[in-house]
Amino acid sequence: MTDSRWIDPEIDGILDGDPELIQLAHLVRAARPEPALDPRFEAVLRAQLMREAALRAPVGPQSKQRAPRQRVVRDAWWRRPTQFAWAGAGLGIALAAAAVFTITRPIQQDRQMVTAGSPVAELHQVNTDNVITVAFSQPMNQQAVVAGLHIRPATQVTTAWQGNNLLITPTHRLTGNTPYTVTIDRTAAKAADGAVATHDIHISFGTAPTPPPPPTVETLTVTPLGPVDSGTQLIAGPSGSVIATSSTAANPVSPPASATPTPTPTVVATPSPASASPTATPPVTVSRSVLFGSSGAADVGPAATSTALSANGLRLVSAVTTAAGTDVVLSTVAGGKSTVLTSLGVPVLATGWLSADTALVAESDRILTVDLQGHVSELVALPAGTSTVVFAPAGGHAFAGSPAGDGALIDLTTTASRPLPGSRTVAAFSGDGTTVAWVDGSQPIAQLRTAPVARNQVTTIPLDHPGDHVAELALDQTGARAAIIDHPAAGGDQLDVNSLPSGTLIARGPSGAQPVFTGSGNRIALVSADGQAETAALPGGTTPGTSTALPDGAAGVLEAFVSAQTTGDAAAISALTVPSLGAAQATPTGLTRAYVISAAVDTDGTIAATARLIIDASASHPLASFADESLTLTSNAGKTAFLVSAISVAPLHDEPVGPHVVHVTPTNVGGQLVLQVGFDSDLRPGSVAPAISVRTLDGQLLQATTVYDAERRTAVVTLSVPASTPVSVTVAGGLLDVDGQALASPFTTAVGG
């Protein structure tokens, strides 16, 4: 008697004691050792058997006898697929199962039935480089099958056969984040012996999002400004200029007369070349505070350890070291006389401005106010151990740091303070004073943290510099970019410029110190290793190929929001929207993918965006469904934090036949606006340029040169307008895909701004 102890209990139940089936199973089992499996075997076999189990009905004179057993087989496939052949029982049990499936049906019916499956069927994250395999149940009329093959979205392909498997290779890789349906007409799904499929063959799947290309990291090209002394501080001057606290770059001058400290302001004459007498001692080179501007280097006062520019850009307050301590000196940016406001018997950590007529001076234990008449008063005491003080350029806040513990953010109007977690001695304010940033010194891997000064909302930005020491930090005018002097553990200091809040590295410069963004925001200055003040243009503005679509903060929020809609994460949706918007309730359920098509900055600073929400096709619904939604993003006053403030979602409907626009992205190439218009389908090249038109927002038609990039399925539209110009883009119904299908309806969107 045949031993059946090796048979899986569920298989044993299916065999139901039938001696023929048990004997067949043993014969298959005895055929081991098993050959190496094709990697696609199990998935294809499973798909084929599941379809057969679901679609075939018992026919012929044996139907009454075999119906119960067939029903058990069908239920087993759907109810416990992982406990069947592919759960690890091996090829022998899989073939036994296939044999059972075949034996329960008349042989004549099997010859007449054509079925097919694919490893990618019903998957939602298929690699865009995939070759699509369609596995047929029997030898096919290959020419007829290929003639009846259709792919949606329209895709140029090449085909090949391996046995009963049809291999479909896209000419250009599949479009990322897109639902696909492969269809073979029923009448074309012919077997070699003439049998045909009972219905059209549909294989539906979706592709994984294509990772964005790695960001281009610009190498900064520096321009020397002039020599500076060791320990010089750089600050942003008016009109894009840079001020150094100690430099010999100005014309040689006679040594300045020393200022005698007095309790009331004293005038100190600022020497000039004109004051030198022909018979006097020859001029000597001395260090002074110097403004580097478009007309060269200009003397703006005595050399100092710290200086600060008033909000109106007219005055400087500086800390000048003397034998007795520190003079607090008032100078004008236009040059001329300098005035000693007061003298202190201790070193000064920093200088700043509280208002246009009140300066700030930080000692190690307190912050003082000094008015223009030299009156001094204590404003606030500093925490014990303070070694670093940074004043916001716009006034109103200060950072007090210590190597021993968390630093504090101090409101200079109310004198209230709050800790900045992880901060030590490296911190900076944005030029408008709305954002504070600091390096978290409590972590083994360097992290940048930012927060609005008005509220305790900390954002952590990983910098991925394990073992490095971030020594210096600067923010631009709005807090959208950070400059970091990074001291790697292996040596070789470098300047990194990161976009915030993503932390994306956008530029890298040479080693140096004292980074500072100019007031115009399009340049950065630093002190080089060889003692030169240098400046360099930043990416953006005139950098070829850079995106001009959105501020970094808005782009990140927009992508995070549509991602949360796809996953149905109601908590994340709520966190990214203004209170009580109800965006989660407006979002369709069951989404499998979503993407942003376009976005534009309106004149009021809000962001208007269009996104597409998609439910992939399935066996029960062979067409993908989608809904377009309109979004509005609103920022805070400093445009450093964005939230979705309005949402309108169209009803879900079946995706229409024809090509679809998947993105419209404005870029800057040589200062001109260049649009990248992406599609999900392969297009007829001759139909692309006539279908795309671009107008200004007031309706003026712009001259455009359009080139279709078939490999990327992208139309590149070059315009003779500045890169910052907001425009309206229209794609007309004359656009055709390679199958001759037209755009279902004209598409119009606004971009840029």
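Sorted by first then second residue, the salt bridge (Lys or Arg N to Asp or Glu O under 4.0 Å) pairs that include residues 409-424, not counting sequence neighbours, are Asp406-Arg424.
Thr518 and Arg523 share no donor-acceptor pair across their side chains, judged by distance under 3.5 Å alone. In summary, the side chains of Ser306 and Thr351 do present a donor paired with an acceptor at a separation below 3.5 Å, with no hydrogens or angles considered. Thr388 and Thr425 are not linked by any side-chain donor-acceptor pair at a separation below 3.5 angstrom, with hydrogens and angles left out of the test. A donor-acceptor contact closer than 3.5 angstrom is absent between the side chains of Thr358 and Asp371. Using modelled atom types and a 3.5 Å distance limit, the side chains of Ser338 and Ser331 yield a donor-acceptor pair.
The two residues Pro224 and Gln532 have their closest heavy-atom pair at CB-OE1, 4.2 Å. Of all heavy-atom pairs between Val376 and Leu368, the closest is CG1-CD1, 4.0 Å. Here the shortest heavy-atom pairing between Arg315 and Val333 reads N-CG2, 4.3 Å. When all heavy atoms are compared, the tightest approach of Leu495 to Pro515 is CD1-CB, 4.2 Å. Between Ser423 and Trp438, the shortest heavy-atom distance links the atoms CB-CD1, 3.2 Å. Here the closest heavy-atom approach between residue Thr386 and residue Val389 is recorded as CG2-CG2, 3.8 Å.
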Point to revise | side-chain contact (heavy atoms from CB on, under 4.5 Å) between Ile410 and Leu382, intermediate numbers included | key: CA-CA 9 Å; Ile410 303 171; Leu382 293 174; 3.8 Å; yes
Review point. Hey, mind stepping through Thr634 and Val578 against side-chain contact (heavy atoms from CB on, under 4.5 Å) and telling me if it holds?
Key: CA-CA 9 Å; Thr634 305; Val578 299; 5.8 Å; no
Point to revise | Asp496 and Asn498: CA distance, side-chain angles, deciding distance, side-chain contact (heavy atoms from CB on, under 4.5 Å) verdict | key: CA-CA 6 Å; Asp496 290 345; Asn498 297 76; 3.8 Å; yes
Check your understanding: Passes side-chain contact (heavy atoms from CB on, under 4.5 Å), Leu220 versus Arg508? Steps please.
Key -> CA-CA 6 Å; Leu220 299 179; Arg508 177 162 283 159; over 6 Å; no
Exercise for review: Check the pair Arg449, Thr460 against side chain to side chain donor-acceptor pair (under 3.5 Å), reporting the backbone distance first and the verdict last.
Suggested key: CA-CA 5 Å; Arg449 294 180 181 262; Thr460 300; 3.0 Å; yes
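One finds the CD1 atom of Ile524 at 11.5 Å from the CG atom of Asn522 (value rounded to the nearest 0.5 Å). Separation of atoms OG1 (Thr307) and CG (Leu316) is listed at 4.5 Å; rounding is to 0.5 Å. Rounded to the nearest 0.5 angstrom, Ile367 CD1 and Ser377 OG are separated by 12.0 Å. Here the CZ-CG distance, from Phe399 to Leu420, works out to 6.0 Å after rounding to the nearest 0.5 Å. Interatomic distance, Phe642 CZ to Phe561 CZ, rounded to the nearest 0.5 Å: 15.5 Å. The distance from the OG atom of Ser499 to the CG atom of Leu538 is 11.5 Å, given to the nearest 0.5 Å.
A distance-only check finds a donor-acceptor pair linking the side chain of Thr725 to the backbone of Pro722 [under 3.5 Å]. Without hydrogens or angle criteria, Thr232 side chain to Thr245 main chain gives no donor-acceptor distance under 3.5 Å.
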